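Note sheet for the following structure.
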There are 2 protein chains.
Amino acid sequence: MPKKNMQPLNLVDGLFQLSFLLHYTLARIATGHDLSIIQVRLLGILRDREPGMLELARHLELEKSSLSGLVDRAEQRGLVERIPSPGDRRGTRIRVTAQGRRLSGVVEAEVTASVSTLITVLSKSDRDRLTSLVSRIMAASNGTKDG
Amino acid sequence: MPKKNMQPLNLVDGLFQLSFLLHYTLARIATGHDLSIIQVRLLGILRDREPGMLELARHLELEKSSLSGLVDRAEQRGLVERIPSPGDRRGTRIRVTAQGRRLSGVVEAEVTASVSTLITVLSKSDRDRLTSLVSRIMAASNGTKDG
DNA sequence: TATTGTTATACTCTATAACTATA
DNA sequence: TATAGTTATAGAGTATAACAATA
């Protein structure tokens, strides 16, 4: 069957199509492990950090009250744990557990495999070109971002 | 201030960074009009269609029961309307209202403007290259998709 | 007083299961 | 019986506002 709309009308549309494709890929894989995208991101951030709730909220761009429930559910599943913050008895640090780290690793591997397959349609040199173009957009966007 | 991580480690990471950036751009603009991403998508689909509930659920990849509430809320805001399906008294067609179409247009214009600004960091010929690369990925993914 | 975090409350989004009305 | 759609129910995710404990 011949395909319709082999190329997007323009770059903006194409980028959004790709964005949604990646988003749904991540959502599908996360759901396969009873996780949401936000839970995957939570575990990802904790890979090399042991932040407090406020810092975590900033990373995820969530209100601190939203984070309480998010961490509650992850903690109940044994994926993260709350530990006292040294030197400030108000504070709580969030730490990923071994189980959480394992699960996060599995999800990341599946996601990487899935997207890697997707981009094999491009030659190595085309992938390098794409990497460069995407990097330049992201670098410019970081310079633009407020806060 | 010197920027850290000027380029992503690899293409997969870069694509996900870009994907999240676009997702949050859309979410931010939608929120500015008291809309969610799914409501924006709903209005977008109705731009050139007058589908039944089941067809709409398929487009949005939602259960039909999820769609009832979604359409309820959009209808209460006057963005869409339910009309009887001609020839099948069980069926309902969903139609975007003039107000819904107007709002959808405003959101789309803002999103396009925002992303267009983002990609001005690339030259015209680089944007053309990026368009081609993205198109090829999407074309391959359409061929891969199941049913 | 200011900061860190939780709780109470309300709403959107989503799914599963049961239901109604029509075919 | 099968199909189109709604309703009942439950749970995740999110925000705002009020609160408690500590600084």
Side-chain angles (χ1 to χ4, degrees), chain A residues 20 23-24 26-28 30-45 49-77 79-95, chain B residues 20 23-24 26-46 49-77 79-95 103 107:
Chain A
F20 274 105
H23 197 84
Y24 276 92
L26 179 52
R28 173 174 45 75
T31 299
H33 297 276
D34 269 310
L35 289 171
S36 62
I37 288 183
I38 191 69
Q39 293 279 353
V40 170
R41 289 186 59 209
L42 170 64
L43 296 179
I45 287 172
R49 284 180 197 83
E50 215 165 88
M53 294 294 279
L54 292 184
E55 189 182 347
L56 202 43
R58 234 186 312 112
H59 275 290
L60 293 169
E61 299 184 72
L62 290 177
E63 290 300 313
K64 57 185 180 175
S65 61
S66 303
L67 209 62
S68 288
L70 203 66
V71 169
D72 282 350
R73 291 185 290 274
E75 194 174 27
Q76 278 157 25
R77 284 187 58 183
L79 304 178
V80 307
E81 54 190 353
R82 284 173 163 97
I83 57 181
S85 182
D88 187 339
R89 292 205 321 239
R90 294 170 304 180
T92 303
R93 300 294 185 92
I94 311 304
R95 178 193 283 164
Chain B
F20 274 106
H23 196 84
Y24 276 92
L26 179 51
R28 173 174 45 78
I29 292 172
T31 298
H33 297 277
D34 270 310
L35 289 171
S36 63
I37 288 183
I38 191 69
Q39 293 278 353
V40 170
R41 290 186 59 208
L42 169 65
L43 296 180
I45 287 172
L46 296 178
R49 285 179 196 84
E50 215 165 89
M53 293 294 279
L54 292 184
E55 189 182 348
L56 201 43
R58 234 186 315 112
H59 275 290
L60 292 169
E61 299 184 72
L62 291 177
E63 289 299 314
K64 58 186 181 177
S65 61
S66 304
L67 209 64
S68 287
L70 203 66
V71 169
D72 283 351
R73 292 184 290 273
E75 193 173 28
Q76 277 157 25
R77 284 187 57 184
L79 304 178
V80 308
E81 54 190 353
R82 284 174 163 95
I83 56 181
S85 182
D88 186 340
R89 292 206 319 241
R90 295 170 303 179
T92 304
R93 300 295 184 93
I94 312 304
R95 177 193 285 163
L103 183 54
V107 169

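The model shown is predicted, which means the values in this text are computed figures rather than measured ones.
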Look at the side chain of R90(B) and decide which nucleotide, out of dG5(D), dA23(D), dA4(D), has an atom nearest to it.
-> dA4(D)
How long is the line joining CG of L35(B) and P of dA15(D), in whole Å?
-> 17 Å
Contacts to DNA chain C from residues 57-69 of chain A, heavy-atom cutoff under 4.0 Å, which residues?
-> K64(A), S65(A), S68(A)
Those residues at least two apart in sequence (or on a different chain) that pass side-chain hydrogen bond (donor to acceptor under 3.5 Å, both in side chains) with R28(A) are none
Length of the line joining R93(B):CZ and dA4(D):C1', which is rounded to integer Å | 12 Å
Closest to side chain of D88(B), choosing from dT14(D), dG5(D), dA4(D) = dA4(D)
Which word best sums up how the rings of F20(A) and H23(B) line up, parallel for under 30°, tilted for 30 to 60°, or perpendicular for over 60°?
-> perpendicular
Minimum-distance pair of heavy atoms, taken over all atoms of I37(B) and A30(B) | N-CB, 4.5 Å
Y24(B) has an atom OH; how far is it from atom C1' of dG13(D), in whole Å?
-> 11 Å
Side-chain touch L56(A)/L70(A), heavy atoms, less than 4.5 angstrom | no
Rounded to whole Å, CZ of R41(A) lies from C1' of dG13(D) at a distance of 13 Å
Single hit among I29(B), V107(B), L26(B) for side chain to side chain contact (heavy atoms under 4.5 Å, CB included) with L35(B) = V107(B)
Using a cut-off of strictly less than 4.0 Å, decide whether R89(A) has a side-chain nitrogen or oxygen near OP1 or OP2 of dA21(D).
-> no
Please give, in whole Å, the distance from dC11(C) P to D72(B) CG?
-> 15 Å
In whole angstroms, the gap separating C1' of dA2(C) from CG of L54(A) amounts to 12 Å
Spacing of R77(B) atom CZ relative to dC11(C) atom P, expressed in whole Å = 15 Å
Any side-chain heavy-atom pair from R77(A) and R73(A) closer than 4.5 angstrom?
-> no
By nearest-heavy-atom nucleotide on DNA chain C, the more 5' of I37(B) and R82(A) is R82(A)
Taking the side chain as every heavy atom from C-beta outward, state whether R95(B) and V80(B) have any atom pair closer than 4.5 Å.
-> no
Please report, rounded to the nearest Å, how far the C1' atom of dA4(D) is from the CG atom of L56(B).
-> 13 Å
